[in-house]
Protein chains: 2
Amino acid sequence: MPAKTKRKEKETYSISELAKEFEISTRTIRYYEEIGLLSPKRTSGNQRVFTKRDKARLKLILRGKKLGFSLSEIKEMIEMYDLAGETEQIKLTLRYGEKKLKEIEEKIKELEMLREDLLAIREMLLNRLKELEGQK
Amino acid sequence: MPAKTKRKEKETYSISELAKEFEISTRTIRYYEEIGLLSPKRTSGNQRVFTKRDKARLKLILRGKKLGFSLSEIKEMIEMYDLAGETEQIKLTLRYGEKKLKEIEEKIKELEMLREDLLAIREMLLNRLKELEGQK
DNA sequence: AATGACATTAACGTAAACGTAAAATTTAAG
DNA sequence: CTTAAATTTTACGTTTACGTTAATGTCATT
């Protein structure tokens with residue numbers, strides 16, 4: 001009797017697999033490695049091998065990008081994931097994290113303001129439409 | 001008897017006044033005009049004169065930037081402010097506005113997810129700290 | 001009219017974030 | 001083993017969003 005029904009979850013990915021999945025170029029992925037955002041292992045033949053962890057990290061990078069963070073900012077944030085274990089380091093990281101949290105909450109607030117602006121414009125437009133339709 | 005106590009509100013601004021107020025360079029402002037984001041009037045001597053409206057617009061541009069929109073995206077959004085008056089145009093603009101609204105709400109959601117991530121990391125770090133401090 | 005502060009256009013420079021092409025390897029398939 | 005598809009590094013190119021002179025012009029004061 002088969003003990004594990006869990007099908008052999010693919011543990012690793014090639015560069016083009018990730019590129020396809022996230023709809024980015026392989027160049028982009030290599031570039032992220034170049035600037036230290038990713039550090040995939042290599043095969044005996046020197047080809048990149050990405051683990052689940054690498055993939056999760058890439059996802060985080062792309063999310064950061066969508067939100068307007070620069071790659072260097074993203075790098076700083078990502079470094080919170082890889083900690084030595086020194087308590088001092090951890091404390092510093094915590095402080096840094098609080099700062100980033102505030103920035104993010106700031107950003108959320110600003111987006112909400114922008115949303116309000118757009119909603120106001122929408123109202124304006126709807127009224128204008130009514131006027132124009134009314135006097136047709 | 002003086003009828004109006006309202007002090008002569010300054011209606012216009014020079015390029016450097018705006019630059020100082022928003023903490024950007026004059027070059028940046030000229031660049032925004034160059035790509036059609038601003039269209040200030042000119043003095044007889046050809047110097048730029050910015051109205052309240054121009055100023056409000058600049059503010060919107062800068063807000064968009066802080067949120068990671070590209071200048072061309074911002075340009076699209078800004079065009080919602082200047083409408084012909086044609087009902088068809090207005091309808092199109094409304095549709096476009098709905099789209100932008102959804103994008104913004106998407107962005108807000110993603111930021112909230114990012115915030116959750118960071119909060120989780122913080123928890124992790126706090127636990128780790130406790131362990132380390134405990135076994136000192 | 002001359003001085004100094006601020007303004008103008010023109011044009012070249014730059015950093016970030018990739019795109020793209022070339023030449024050489026590696027891997028998978030037959 | 002051979003071939004095609006995928007990957008590698010190298011290196012120059014491109015776009016966006018301005019920075020940075022340079023050469024002149026304008027404006028308010030003296």
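Everything quoted here is computed from the prediction, not taken from an experiment. Just so it is clear: chains get the letters A, B, ... in the order the sequence lines come, proteins before strands, and each one is counted from 1.
Between the NZ atom of B/Lys20 and the C1' atom of C/dA7 there is a distance of 14 Å, given to the nearest Å. In this structure, A/Asn46 atom CG and D/dT7 atom P are separated by 13 Å, rounded to whole Å. The distance between atom CZ of A/Arg48 and atom C1' of D/dT8, rounded to the nearest whole Å, is 7 Å. Between B/Phe50 atom CZ and C/dC6 atom C1' there is a gap of 13 Å when expressed in whole angstrom units. Taking atom CD1 of residue A/Ile29 and atom P of nucleotide D/dT9, one finds them 13 Å apart after rounding to whole Å. Nucleotide C/dA10 holds its P atom 12 Å from the CZ atom of B/Arg30, rounded to whole Å. In this structure, CD of A/Glu34 is placed 11 Å from C1' of D/dA11, rounded to the nearest angstrom. Here C/dC18 presents its C1' atom at 14 Å from CD1 of A/Ile74, a figure rounded to the nearest Å.
One finds no salt bridge joining B/Glu106 and A/Lys66 here, because no Lys/Arg side-chain nitrogen approaches an Asp/Glu carboxylate oxygen to under 4.0 Å. A salt bridge links B/Arg27 to B/Glu34: at least one charged side-chain nitrogen sits closer than 4.0 Å to a carboxylate oxygen. Using a 4.0 Å cut-off between charged nitrogen and carboxylate oxygen, A/Glu11 and A/Lys52 do not count as a salt-bridge pair. Comment: A/Arg63 engages B/Glu110 in a salt bridge, judged by a side-chain N to carboxylate O separation of less than 4.0 angstrom.
Distance from the side chain of B/Tyr31 is smallest to D/dC18 among C/dA16, D/dG25, D/dC18.
For C/dA17, the OP1/OP2 oxygens have no side-chain nitrogen or oxygen of A/Lys65 closer than 4.0 Å. Side-chain nitrogen and oxygen atoms of B/Ser14 include none within less than 4.0 Å of the OP1 or OP2 phosphate oxygen of C/dC6. For the OP1/OP2 pair of D/dT20 and a distance below 4.0 Å, the side-chain nitrogens and oxygens of B/Arg27 include no atom meeting the criterion. Considering only side-chain N and O atoms, B/Thr28 lies under 4.0 angstrom from the phosphate OP1 or OP2 of D/dG19. Listed pair B/Ser25 / D/dC18 fails the phosphate criterion, with no side-chain N or O lying under 4.0 Å from OP1 or OP2. Under 4.0 angstrom from either OP1 or OP2 of C/dC18 there lies at least one side-chain N or O belonging to A/Tyr32. Contact check, A/Ser16 against D/dT7: a side-chain N or O comes under 4.0 Å of OP1 or OP2.
A rotation axis mapping the C1' atoms of four pairs onto the next four is fitted at both ends of the helix from C/dA1-D/dT30 to C/dG30-D/dC1 over five pairs, and the angle between these axes is 10° to 10 degrees.
Both B/Ser44 and B/Ser70 lie near DNA chain D, and the one whose nearest nucleotide falls closer to the 5' end is B/Ser70.
One distance of note links CG of B/Leu111 with CZ of B/Arg115; it measures 9.0 Å at 0.5 Å rounding.
At the heavy-atom level, A/Leu71 lies under 4.0 Å from the strands shown only through sugar-phosphate atoms. Residue-level contact check: B/Thr26 touches neither bases nor backbone, having no heavy atom under 4.0 Å from any strand. Across all strands shown, A/Thr43 has heavy atoms under 4.0 Å from sugar-phosphate atoms exclusively, and none from any base. As judged by a 4.0 angstrom heavy-atom cut-off over every strand, B/Ile15 is placed among residues touching the sugar-phosphate backbone only.
Seen from the ring of A/Phe69, A/Lys107 counts as a face-on cation partner, given the 6.0 Å and 45° thresholds.
Counting only heavy atoms from C-beta outward, the side chains of A/Lys75 and A/Ile35 never approach each other to under 4.5 Å.
Within a 6.0 Å sphere centred on CD of A/Glu116, heavy atoms belonging to other residues, nucleotides or ligands number more than 12.
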